[in-house]
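Each chain gets a letter, A, B and so on, in the order its sequence line appears, and its residues count up from 1.
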Amino acid sequence: MSAPAVSPVTITLPDGSKKEFEGPVTGHEIALSISEGLARAALAIVVDGRTIDLSTPIANDSDVVLLTAHQPAGLEVLRHSCTHLMAQAVKRLWPEAMLEDGPPTEDGFWYDIRTEPPIAAEDLPRIEKEMQKIAGEKLPVTRRELSRDEALAFFAERGEKYKLHIIEKLPADAVITTYTQGEFTDLCRGPHVPHTGVIKAFKLLSVAGAYWQGDPSKDQLTRVRGTAFGDKKGMKEYLELLEEAKKRDHRRLGKELGLFMTHEWAPGTFIWLGRGKILYDTLSAMSTAMHRAEGYQEVFTPMLFKKDLFETSGHWKHYRDDMFIVPGQDAATLDDAGVAEWERHISGEIEGLPEHERKRLNEALEGQTGAKERLSVLLQSETFNTRHWNLFEKRPGEFVAMSGADREVYGLKPMNCPAHMLIFRDRRRSYRELPLRISDQGVLHRNEATGTLGGLTRVRQFCQDDAHIFLAEDMIAAEITRVIGMVRRVYAAVGMDFAGVFLSTRPEKAMGAKEQWDRAEAALRQAIEANDMEYTVSEGDGAFYGPKIDFIVRDVLKREWQVATIQLDYQLPARFGLKYTAADGSEQMPVVVHRALYGSFERFIAILIEQFAGAFPTWLAPEQVRVLSISEKYVDYAKGVRDGLLAEGVRAEADLGDDKIGAKIRDAQLQKVPYMLVVGEKEQETGSVAVRSRSEGELGVMTCAEFRERIAAEKDVRF
RNA sequence: GCCGACGUAGCUCAGCCGGUAGAGCAGCUGAUUCGUAAUCAGCAGGUCAGCAGUUCGAAUCUGCUCGUCGGCUCCA
């Protein structure tokens, strides 16, 4: 490498204009050459597509874009720098704190930090204050390149074990960079803002637990979340947006609108009230109608099956922890010998009972000598009432114990597919029947871990608009194209966009031949492209039994949820030994497609509630029309109007109380009823109604017949 | 399941360092009979999530349990 001669550099700006510099030039200098204002606002610079620090010299002719907080990419740099600002503040307050990773996110940033005790929500104002101070110090942010060994030595000296781990994973010849501001140095790829003073608007929002490397067996870190903006105004708007989002939260709206309730005696499940049941039923009926039109047959299958079914399907082996297990009638009665065996579990003589549970039981049993007393303690203990240890009081005083050897054990189905395999297998099948489409809105139970439950988006009891399609391999592309068409119709009807469509391909532990997978993946790809949809390939994310397409939407809090899904399955047909007779008389195994459009009704309704902010379109609104009487004198007329609507199949109610009309309108408006019909003297005399729309206000007076016509047009929708 | 926070009237929330619980809305009763987002007055409403402990005394402090929320992990 020879020392480069100083040669002129031509910089091309986004508008195409060019600037000449005598030699290497920094982003900061370029900004200064344009205006001082830009130099102050600039955070980083994109050089030929690569974002770098403003202080890094540019030696070659380049196309550049100066980044400020007004561009998404600039905002990302600002937020990334803000994580460092926060980390520095934390280090000042907790010198022993260990830092893990702190990336910017779509709306802000977070940093995983280990302190003892963990940082609490009450600490956030303190940290923010320190951040303000550091920002006020306008510390220059400087970049430094280190070798791997230098970096290891540097962070080892500071006891940053998580940073060491990150460095260790990098290749030996990697150029490692650190960024320093004042006394604080962080391992980071960058780029970063020129100095801490440019970070003016930020807020710390929450603390939450996070596992190191996402591994529950490793250290528990604290994830501190915050956000930053280029100015206070953007910050304020964002916080207001958060408030708005909270108002749209389906849990809140569901309660306010009387859709559903919960009870602590039924954790993870929802009690659907009259209004919510209408949503459920409406979606159910629309789904049924659509599936019939598409050639599906809807079936009705048991909720409870002997475990033999799940052993065949593989659920008993792979999914048992998430299933509700129910003892059958013939299970063994727990006798003295049985109790003695449980006691050997507790003493540790028989291994398998977790140490903390043994300890707890031993403490509970302390001083209890009689067999009956001890049994009573056991029965009241949590351990004996969990799914791992199946001990039940069948009727008072008679106990039933289950062990893996008992055959008479039942399980609540977590999925419909095994039952549908039985249907296919019920008789000989011909190729002429394929694709055989079986749909089912059966109730499913999954014993989800407590910490994963949340609102309607993750529940223990739910229904899917589920279907299984049995077909020959050469039918896959055409059939999946049809299914995607259905998905699109449903989501178009409710005005929802997908946050993503993912094609998940062959995972490492896949079963089946690679050629088979290749064909299946190609068929799925073809189907997506036939529907002209944007999608992302999620390499290696398929289920072990086949590739799949997932449709993702976001809730108001921007959390992503899978709704519709289409999965190919080569394993279940094999496990159940499914076959059909082909045209040439040979016996062939069908492929199974698992698919759901809504996903679960529960999750879909949650997303719909948030999508419409509770103001459902007329066809879905639990109460479509409310008749409001001006005064007592018109109550009978109001009832007549309501009854006329009810007879037409309109979901109408009447507010006949002695409130003033303004109050009644307010009530109806808050309940988000699409139409309010005000009736008083004028209307009674002319057989009419004064129509007010939830969204458009007064629509004027029309005859009852005219209104019925209007609402008939929007009351029924088909997918 | 893990980390953290929270749980007070039907709802939204006050209630300080421990001294025995309060508002608005909703409900009920009465008055009012009213024309497009809240009529007035009165009444009633609570095992302060549950259990145990500390204390003369606990909504308040401690522990456990249950539930909810935010994350993490999981999401055949």
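Within the nucleic acid shown, G268(A) comes within 4.0 Å of sugar-phosphate atoms alone, with no base atom in reach, counting heavy atoms only.
The shortest distance between the side-chain N/O atoms of T450(A) and the OP1/OP2 oxygens of G1(B) is below 4.0 Å. For U73(B), neither phosphate oxygen OP1 nor OP2 lies less than 4.0 angstrom from any side-chain nitrogen or oxygen of K218(A). Residue K660(A) places no side-chain N or O under 4.0 Å from the OP1 or OP2 atom of U36(B). Remark: R251(A) is in phosphate contact with C69(B), judged by side-chain N or O atoms under 4.0 Å from OP1 or OP2. Between R559(A) and the phosphate of G71(B), there is a side-chain N or O to OP1/OP2 separation shorter than 4.0 Å.
Taking the C1' atoms as reference points, G46(B) lies 32 Å from U32(B), given to the whole Å. Rounded to whole Å, the P atom of U60(B) lies 15 Å from the corresponding atom of A9(B). G24(B) and A31(B) have their P atoms separated by 23 Å, given to the nearest Å. A distance of about 14 Å separates the P atoms of G22(B) and C43(B), rounded to the whole Å. Only the C1' atoms considered, A21(B) is 8 Å distant from C48(B), to the nearest whole Å. A14(B) and G70(B) have their C1' atoms separated by 24 Å, with the value rounded to a whole Å. C75(B) and A5(B) are spaced 24 Å apart, taking the C1' atom of each and rounding to whole Å.
Checked against G1(B), G67(B), G71(B), the side chain of A208(A) finds its nearest nucleotide in G71(B). Distance from the side chain of K633(A) is smallest for U33(B) among the nucleotides G71(B), U33(B), A37(B). Distances were taken from every side-chain heavy atom of R692(A) (C-beta onward) to each of G71(B), U36(B), C2(B); the shortest belongs to U36(B). Here U39(B) is the nucleotide among C75(B), G1(B), U39(B) with the atom lying nearest to any side-chain atom of A663(A). Distances were taken from every side-chain heavy atom of I661(A) (C-beta onward) to each of G71(B), U39(B), G35(B); the shortest belongs to G35(B). Proximity note for R225(A) (side chain, C-beta onward) versus C72(B), G1(B), G35(B): the nearest is C72(B).
Proximity of a side-chain donor or acceptor of S439(A) to a complementary backbone N or O of D466(A) within less than 3.5 Å is not detected. Checked by atom type and distance alone, the side chain of R79(A) pairs as donor or acceptor with a backbone atom of A228(A) at under 3.5 Å.
A centroid separation of 6.0 Å or more is found between the aromatic rings of F424(A) and F576(A). Within the 6.0 Å centre-distance limit, the rings of H594(A) and Y545(A) are counted as a close aromatic pair. Under the 6.0 Å cut-off for aromatic ring centres, F604(A) and F601(A) do not qualify, their centroids lying 6.0 Å or more apart.
In this model, no side-chain donor or acceptor of Y634(A) finds a partner on the base of G35(B) within 3.5 Å. Contact of R114(A) with C3(B) (side chain to base): no donor-acceptor pair of N or O atoms is detected under 3.5 Å. Looking at E683(A), its side chain comes within 3.5 Å of the base of G35(B) through a donor and an acceptor atom.
A salt bridge links R252(A) to E256(A): at least one charged side-chain nitrogen sits closer than 4.0 Å to a carboxylate oxygen.
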